[in-house]
Trainee: 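Sending over a structure as structure tokens; questions will come in a sec.
Values below: every heavy atom of this structure, side chains too, minus hydrogens, waters and symmetry copies. In the text below, chain A, chain B and the rest are named by the order of the sequence lines, each starting its count at 1.
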Number of protein chains: 2
Amino acid sequence: MKHKGKATSFDIAHYAGVSQSTVSRALRNSPLVNEETRRKVHEVAAKLNYKVDKNASNLRTQQSSTLALLLFEDPTTDESQINPFFLSMLGSITRACSKEGYDLLVSFQSSSQDWRADYEDSHRADGIILLGYGDYLDYQSRLQQLLEQDTKFVCWGAKVDGRPDLTVSCDNYGGGQLAAQHLIDQKRTDCAFIGDASHHSPEFFARYQGFKDTFQAKGIQLNERKIANAISTEDSGYHATKSLIANNVHFNALFAASDLIAIGAIRALQEAGIAVPNDVRVVGFDNIPAASYVSPALTTVQQNTTLAGQMLVSNLLSLIRGETVESTLLPPNLIVRNT
Amino acid sequence: MKHKGKATSFDIAHYAGVSQSTVSRALRNSPLVNEETRRKVHEVAAKLNYKVDKNASNLRTQQSSTLALLLFEDPTTDESQINPFFLSMLGSITRACSKEGYDLLVSFQSSSQDWRADYEDSHRADGIILLGYGDYLDYQSRLQQLLEQDTKFVCWGAKVDGRPDLTVSCDNYGGGQLAAQHLIDQKRTDCAFIGDASHHSPEFFARYQGFKDTFQAKGIQLNERKIANAISTEDSGYHATKSLIANNVHFNALFAASDLIAIGAIRALQEAGIAVPNDVRVVGFDNIPAASYVSPALTTVQQNTTLAGQMLVSNLLSLIRGETVESTLLPPNLIVRNT
DNA sequence: CCACTATCTGACACCGGTGTCATAATGTGG
DNA sequence: CCACATTATGACACCGGTGTCAGATAGTGG
């Protein structure tokens with residue numbers, strides 16, 4: 001009775017005394033099959049622990065009920081740590097996929113050469129989610145390529161003018177405004193910014209713009225000298241802040257383009273004997289888990305990762321179904337803690 | 001010239017003026033095909049942006065070059081947060097997979113009913129990695145089922161006697177010893193333990209045993225009243241510690257079964273006006289990213305997640321290839337910080 | 001009782017590759 | 001020049017499902 005290898009629909013057909021076609025229909029609950037027959041087939045299938053071969057099924061139907069997630073990070077990041085913000089996005093995307101009945105293929109783009117966006121071409125996935133800060137290598141030209149190949153994909157991250165790709169992102173500009181308004185309310189108007197004030201990372205740039213513009217609207221100009229560049233790591237934030245301090249730059253508030261940067265900045269400040277929040281108030285961005293654990297607990301702009309994951313998945317599925325979808329901008333949220 | 005839909009090997013064959021069989025061979029660099037022909041085929045394939053259809057290929061070869069990762073957490077955990085330790089394992093597993101040329105399917109087991117370990121049965125994956133603390137629902141009986149179905153899988157977590165599954169885990173017992181020895185060296189022998197001292201979670205239990213036995217070897221008996229149960233969340237650690245304090249339990253050291261618990265415990269201690277590390281020294285377990293960011297920085301037992309991910313993948317691949325593999329025990333590592 | 005419809009089932013082509021086998025073309029030694 | 005090995009290629013079955021079509025059976029109305 002025990003076969004070598006897995007049971008196929010032919011085995012079920014044999015034991016249930018029907019044709020293989022009927023087995024296939026019965027298992028997918030086609031209305032064409034008699035109630036009695038369906039019961040019988042299901043029963044035999046359960047007994048033989050039969051599972052539909054997804055490869056055969058996908059091959060025939062030309063779709064995979066699978067999405068692919070491409071996760072890429074700043075190439076200068078060492079390989080041991082992954083930005084916790086992306087990890088929590090990963091978690092919410094996984095959950096959203098499974099809620100929609102899709103599987104998720106995950107892939108890191110750790111080195112430049114293995115840009116593996118061919119999941120759709122090879123019929124492994126019906127669509128692709130791109131997750132990462134958009135300053136990765138020749139990101140732009142690669143997106144262009146995907147568009148030309150008519151690959152279905154959604155990007156996490158800032159919408160860039162003139163790029164017709166579908167994106168889901170946090171309102172980074174609005175988040176910068178929130179941070180600025182909070183500091184203004186606290187009467188801290190002598191601000192430093194740590195992140196990337198150039199166009200290099202569209203997300204960081206938008207955060208900076210919203211921040212700067214809000215101050216400007218109050219007649220306050222941000223001082224160029226109080227801007228330091230950093231990528232999104234604790235270490236980078238630490239060193240950027242240290243160099244500000246070493247250059248005798250003074251400020252009573254600091255806006256960091258990400259929580260990791262903020263955490264590094266706080267460490268640098270504390271080492272220099274500068275009290276947080278008394279001497280310098282700090283606002284971060286992302287609301288990563290660690291933000292609430294550090295002490296003092298970090299005030300930060302929250303990105304709703306659960307919603308973001310759901311929107312990425314549902315927008316992508318709409319796109320795949322051929323519906324017209326608009327890029328989505330999610331409202332950020334200020335979490336006031338102790339910095 | 002532009003086809004509707006993706007190009008197939010027949011299209012390549014047509015344009016290259018050879019048979020489809022030859023295309024297939026040429027693209028897989030079979031030695032049977034002439035150098036000149038191979039070049040020509042590759043050239044046409046590149047021009048048409050051809051990618052092998054993985055479904056067809058997998059169907060024929062009966063393997064998928066894909067592994068599946070089942071991530072399950074304590075069912076009481078709310079769905080928004082995922083244990084950061086598992087996230088970093090996820091990261092290292094993803095990297096290890098891609099290094100081996102395998103893709104990774106990720107799935108959360110958030111609710112009880114959707115135990116989807118059928119990735120192998122449905123030929124979606126060649127093997128399965130199970131990741132989670134082993135107190136998930138009727139975990140044991142489900143493993144038994146996988147074994148009976150001859151599914152290829154590896155578990156992260158404690159090796160349980162009499163269970164013939166392949167595991168990779170940290171030496172939790174040894175980790176408990178490290179923590180104990182460290183506290184003894186610091187002359188802190190009045191210890192509390194927060195975690196799970198029952199057999200419920202084999203990992204936590206082993207950590208507790210190693211800890212307890214080391215003290216016992218020095219003639220010190222752990223006081224039952226100083227043990228509090230907690231699952232691996234910050235909140236649970238916080239409440240467990242709070243209840244110890246409320247019950248007037250005194251101690252000058254605390255061993256937490258995980259970093260999240262330790263972070264929650266520190267919060268409870270600090271709120272109660274108990275200084276860390278002066279009044280109570282704290283040792284955690286896992287070395288999650290946040291451990292180094294909290295203040296005071298957490299002393300903890302590190303699990304080498306990079307190595308763990310590599311071992312899980314390589315052991316699973318060995319198992320799939322039919323080689324005999326032994327369960328692996330990874331050495332833990334004490335990271336002394338400021339608690 | 002026949003014509004016609006509704007319901008159910010089986011035969012068969014097909015998805016796009018891979019592997020086997022037969023065969024053609026070329027080369028080598030006696 | 002023939003026997004034989006070597007190399008390169010095409011024809012074809014096959015993986016395990018899904019969808020289409022034709023046909024069998026039962027049911028209904030005139």
Side-chain angles (χ1 to χ4, degrees), chain A residues 3-42 44-45 48-66 118-126, chain B residues 3-42 44-45 48-66 118-126:
Chain A
H3 265 250
K4 221 61 221 132
K6 317 273 179 198
T8 73
S9 54
F10 284 93
D11 300 324
I12 313 294
H14 177 73
Y15 288 114
V18 294
S19 78
Q20 182 269 341
S21 303
T22 303
V23 171
S24 174
R25 278 189 290 256
L27 291 177
R28 282 173 301 131
N29 294 316
S30 156
L32 290 175
V33 59
N34 183 288
E35 182 56 39
E36 175 75 11
T37 320
R38 184 209 321 288
R39 245 199 353 84
K40 177 70 182 162
V41 168
H42 272 103
V44 175
L48 296 188
N49 193 40
Y50 169 80
K51 296 281 154 48
V52 172
D53 184 314
K54 279 288 186 181
N55 291 315
S57 168
N58 291 345
L59 173 58
R60 183 62 228 249
T61 58
Q62 297 292 40
Q63 40 115 347
S64 61
S65 65
T66 301
D118 57 354
Y119 288 103
E120 202 212 3
D121 301 313
S122 62
H123 292 276
R124 309 212 50 161
D126 299 333
Chain B
H3 264 249
K4 223 56 223 133
K6 318 272 180 200
T8 72
S9 53
F10 284 93
D11 300 325
I12 313 293
H14 177 74
Y15 288 114
V18 295
S19 77
Q20 183 270 339
S21 304
T22 302
V23 171
S24 175
R25 279 189 288 255
L27 291 177
R28 282 174 302 129
N29 294 317
S30 158
L32 291 174
V33 58
N34 181 289
E35 182 56 39
E36 174 78 11
T37 320
R38 185 209 320 288
R39 242 197 357 82
K40 176 73 182 163
V41 168
H42 272 104
V44 175
L48 297 187
N49 194 38
Y50 169 80
K51 296 283 152 47
V52 172
D53 185 315
K54 278 289 185 181
N55 292 314
S57 169
N58 291 345
L59 173 59
R60 182 62 228 248
T61 57
Q62 298 292 38
Q63 38 115 352
S64 61
S65 65
T66 301
D118 57 353
Y119 288 103
E120 201 212 2
D121 301 313
S122 62
H123 291 277
R124 308 211 50 158
D126 299 334

Trainee: Sequence neighbours excluded, which residues qualify as side chain to side chain contact (heavy atoms under 4.5 Å, CB included) partners of B:Val33?
Mentor: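 B:Thr22, B:Ala26, B:Thr37, B:Arg38.
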Trainee: When we call it a touch if two heavy atoms are under 4.0 Å apart, what does B:Gln62 touch: a base, just sugar-phosphate, or nothing?
Mentor: sugar-phosphate
Trainee: Can you give me the bend angle of the helix from C:dC1-D:dG30 to C:dG30-D:dC1? Use the axis through the first five pairs and the one through the last five, nearest 10 degrees.
Mentor: 50°
Trainee: With sequence neighbours excluded, what pairs up with A:Ala16 under the side chain to side chain contact (heavy atoms under 4.5 Å, CB included) test?
Mentor: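 Counting only residues at least two positions away or on another chain, A:Ala16 forms a side chain to side chain contact (heavy atoms under 4.5 Å, CB included) with A:Val18, A:Lys40, A:Val41, A:Val44.
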Trainee: Do B:Asp11 and B:Tyr50 have side chains that get closer than 4.5 Å, going by heavy atoms?
Mentor: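 SC-SC contact between B:Asp11 and B:Tyr50 ruled out.
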Trainee: How would you list, by chain and number, every residue that makes a side chain to side chain donor-acceptor pair (under 3.5 Å) with A:Ser24, sequence neighbours excluded?
Mentor: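 By the side chain to side chain donor-acceptor pair (under 3.5 Å) rule, A:Ser24 matches A:Arg28.
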Trainee: So which heavy atom on A:Leu27 is nearest to which on A:Ala45, and how close?
Mentor: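 A:Leu27 and A:Ala45 have their closest heavy atoms at CD2-CB, 3.9 Å.
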Trainee: Both B:Ala56 and B:Asn34 contact DNA chain D. Which one's nearest nucleotide lies toward the 5' end?
Mentor: B:Asn34
Trainee: Please list, chain by chain and in numerical order, all residues satisfying side chain to side chain donor-acceptor pair (under 3.5 Å) with A:Ser21, sequence neighbours excluded.
Mentor: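 In terms of side chain to side chain donor-acceptor pair (under 3.5 Å), with neighbours along the sequence ignored, A:Ser21 is linked to no residue.
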Trainee: When you check every protein heavy atom under 4.0 Å of nucleotides 20-25 of chain D, what one-letter string (B, S, -) results, 5' to 3'?
Mentor: B-----
Trainee: Whole Å only: how far is the CD atom of B:Glu35 from the P atom of D:dT7?
Mentor: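 Atom-to-atom, B:Glu35 to D:dT7, this comes out as 15 Å.
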Trainee: Excluding sequence neighbours, so at least two apart, what forms side chain to side chain contact (heavy atoms under 4.5 Å, CB included) with B:Asn58?
Mentor: A:Asn55, B:Lys54, B:Ser64
Trainee: Taking atom CZ of B:Arg39 and atom CG of B:Asn34, what is their separation to the nearest 0.5 Å?
Mentor: 10.0 Å
Trainee: Can you measure from CZ (B:Phe10) to CD (B:Gln20) and round to the nearest 0.5 angstrom?
Mentor: 4.0 Å
Trainee: Starting at CD of B:Glu36 and ending at P of D:dT7, how long is that distance when rounded to a whole Å?
Mentor: 18 Å
Trainee: With nearest nucleotide decided by heavy atoms, which residue, A:Gln20 or A:Val33, maps closer to the 5′ end of DNA chain C?
Mentor: A:Val33
Trainee: How about B:Leu59 and A:Asp53: do any of their side-chain heavy atoms sit closer than 4.5 Å?
Mentor: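 The answer is yes; the side chains approach within 4.5 Å.
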Trainee: Going 5' to 3' along DNA chain C, which nucleotides are the first and last within contact of chain B (any atom under 4.0 Å from a heavy atom)?
Mentor: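 Endpoints of the contacted stretch of DNA chain C: C:dG16 to C:dT20.
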Trainee: Which sits closer to the 5' end of DNA chain D, A:Asn55 or B:Thr37, going by the nucleotide each is nearest to?
Mentor: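 The 5'-side residue here is B:Thr37.
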Trainee: For B:Arg60, what residues pass the side chain to side chain donor-acceptor pair (under 3.5 Å) criterion, not counting sequence neighbours?
Mentor: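 Applying side chain to side chain donor-acceptor pair (under 3.5 Å) to B:Arg60 gives none.
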